[in-house]
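Remarks on the structure that follows.
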Amino acid sequence: NMSTDRSPKKVPAAPMPRRRKAVRRAEILAAARAVFLALPYEQASINQIAERAGCVVGTIYGYFDHKRALLDAVLADFYDELIADIAASLLLGDSMDAAPLVLDACAAPGGKTAHLLEHCPHARVVALEIDPARSQRIGENLTRLGLQADLRVADAADVTSWWRGELFDAILLDAPCSASGIVSRHSDVRWLRRASDVAQLAAQQDRLLRALWPLLQPGGRLLYCTCSVFLEEGQDRIQTFLVNNSDAVLLPSPGHLLPGGADQPQPVGDNGGRDDGFYYALLCKQPLAEPPASAGDADLGVAAGGPGMG
């Protein structure tokens, strides 16, 4: 017998479209770093980076306005990796107080902050970053490592916008620079900088040093560092600063570490291969000497309570 069932047949549901996985900023940076290392800057494209990261081009533009901004972020991350461990050991050493108050100025993406906390677990670290998105990334990286810091978003040189009145025991100033010290790994740097950039960056470095030095308590230390091989961004900045600040003393520190060359000073830490160039200057803040007592003061002291008062 033929079936008399006249009910409508159910149409199989159409398969759900496959959703492209969410791609995070860190994955985009990893893809961009691979592309920039493989190709000259002019030949590297956002499309190639998006393909390697497994995302659409629009995802990249959600984080970065243009290709140059992406390269700058790659260079900043790369530099942060290289300098972080060395900076923490130079600044904090073995003689710092058990729970020092430390400022990591220009802190993104957080590698330096993490190394400071790992080197001195009880340190109270203020991680300062001018870019809100990059500050958020510091927090994400610290959370992943199980670490905590006081994150603040501000221009480090605009002290009144972020400082809360406590003097710091140690300050790490990883100053914005030309990145000339990592040209061996990112050769595009030499073509992306203009002759005027170094002078502008030197002025910014001076501004940061002037603003942060008063926030360091007597006996405290400030580590100034750049990934530059130019004297204008290293030795010249510190010599000028020392001339203008009588309470600043330069402690033993590596100075300029230049790529290659057996006649160069021995580098420290992970820079042993000398493929990269850096500058490190460790400064200590000395208490200002009290002015000597005048002859009148001395006479007054004797009259007030010295011998002969009977």
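The first residue of the sequence shown is numbered 1, and numbering continues consecutively from there.
In terms of heavy-atom proximity, A157 sits nearest to L208 at N-CD2, 3.8 Å. Heavy-atom minimum distance, A34 versus R52: CB-NE, 3.2 Å. Between Q286 and C284 the shortest heavy-atom distance is NE2-SG, 3.3 Å. Minimum heavy-atom separation, L117 to A149: CD1-CB, 4.3 Å. Residues N141 and P109 share a closest heavy-atom pair of ND2-O, 2.8 Å. A pairwise comparison of heavy atoms in G110 and I138 identifies N-CG1, 3.9 Å as the closest pair.
Hydrophobic clustering of Ile, Leu, Val, Met, Phe, Trp and Tyr side chains at less than 4.5 Å, counting indirect connections, keeps V102 apart from V153.
A distance of 8.5 Å separates CD of Q239 from CG of L231, quoted to the nearest 0.5 Å. For the atom pair CZ of F241 and OH of Y224, the computed distance is 11.0 Å after rounding to the nearest 0.5 Å. Interatomic distance, CD1 of I171 versus CZ of R221, reported as 12.5 Å (0.5 Å rounding). Taking CG of L215 as the start and NZ of K285 as the end, the distance is 7.5 Å to the nearest 0.5 Å. Here the CD-CG distance, from E232 to L201, works out to 11.0 Å after rounding to the nearest 0.5 Å. D104 CG to D150 CG: the interatomic distance, rounded to the nearest 0.5 Å, is 12.0 Å.
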Discussion item. Could you go through K112 and L223, starting from their C-alpha distance and side-chain angles, then the distance that decides it, and tell me whether this counts as side chain to side chain contact (heavy atoms under 4.5 Å, CB included)?
Written reply: CA-CA 12 Å; K112 297 181 297 296; L223 178 64; over 6 Å; no
Item to complete: Evaluate the criterion side chain to side chain contact (heavy atoms under 4.5 Å, CB included) for residue pair V56 and T59; output intermediate values, then yes/no.
Response: CA-CA 6 Å; V56 297; T59 301; 3.4 Å; yes
Practice prompt. Could you give me the CA-CA distance, side-chain angles and deciding distance for L29 and R137, then say whether side chain to side chain contact (heavy atoms under 4.5 Å, CB included) is met?
Written response: CA-CA 12 Å; L29 285 174; R137 189 169 175 221; 3.3 Å; yes
Worksheet item: So L70 and I28, side chain to side chain contact (heavy atoms under 4.5 Å, CB included) or not? Walk me through it.
Response: CA-CA 9 Å; L70 183 52; I28 292 173; 4.2 Å; yes
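For the 3.5 Å distance criterion, the side chains of E233 and S178 qualify, holding a donor opposite an acceptor.
No donor-acceptor pair closer than 3.5 Å links the side chain of Q217 to the backbone N or O of L167. Between the side chain of E27 and the main chain of R24, a donor-acceptor pair closer than 3.5 Å is present.
Considering only heavy atoms from C-beta on, L283 stays 4.5 Å or farther from N245 through its side chain. Residues I46 and F64 are not in side-chain contact: their nearest non-hydrogen atoms beyond the backbone lie 4.5 Å or more apart. Using a 4.5 Å cut-off on side-chain heavy atoms (C-beta onward), L142 and L151 make contact. When side chains are defined from C-beta on, C225 counts as touching L172, because their heavy atoms get closer than 4.5 Å. In this structure, C106 and L173 have side chains that are in contact, with non-hydrogen atoms separated by less than 4.5 Å. Counting only heavy atoms from C-beta outward, the side chains of L91 and L282 approach each other to under 4.5 Å. Two residues are said to be in side-chain contact when any heavy atoms from C-beta on lie closer than 4.5 Å; F168 and L222 fail this criterion. In this structure, D158 and I130 have side chains that are not in contact, with every pair of non-hydrogen atoms separated by 4.5 Å or more.
Counting heavy-atom neighbours within 6.0 Å of Q148 CD, excluding the residue itself, gives a total of 12 or less. The environment of E118 atom CD is dense: over 12 non-hydrogen atoms of other residues, nucleotides or ligands sit within 6.0 angstrom.
Using cut-offs of 30° and 60° for the angle between ring planes, the H256 and Y279 rings count as tilted.
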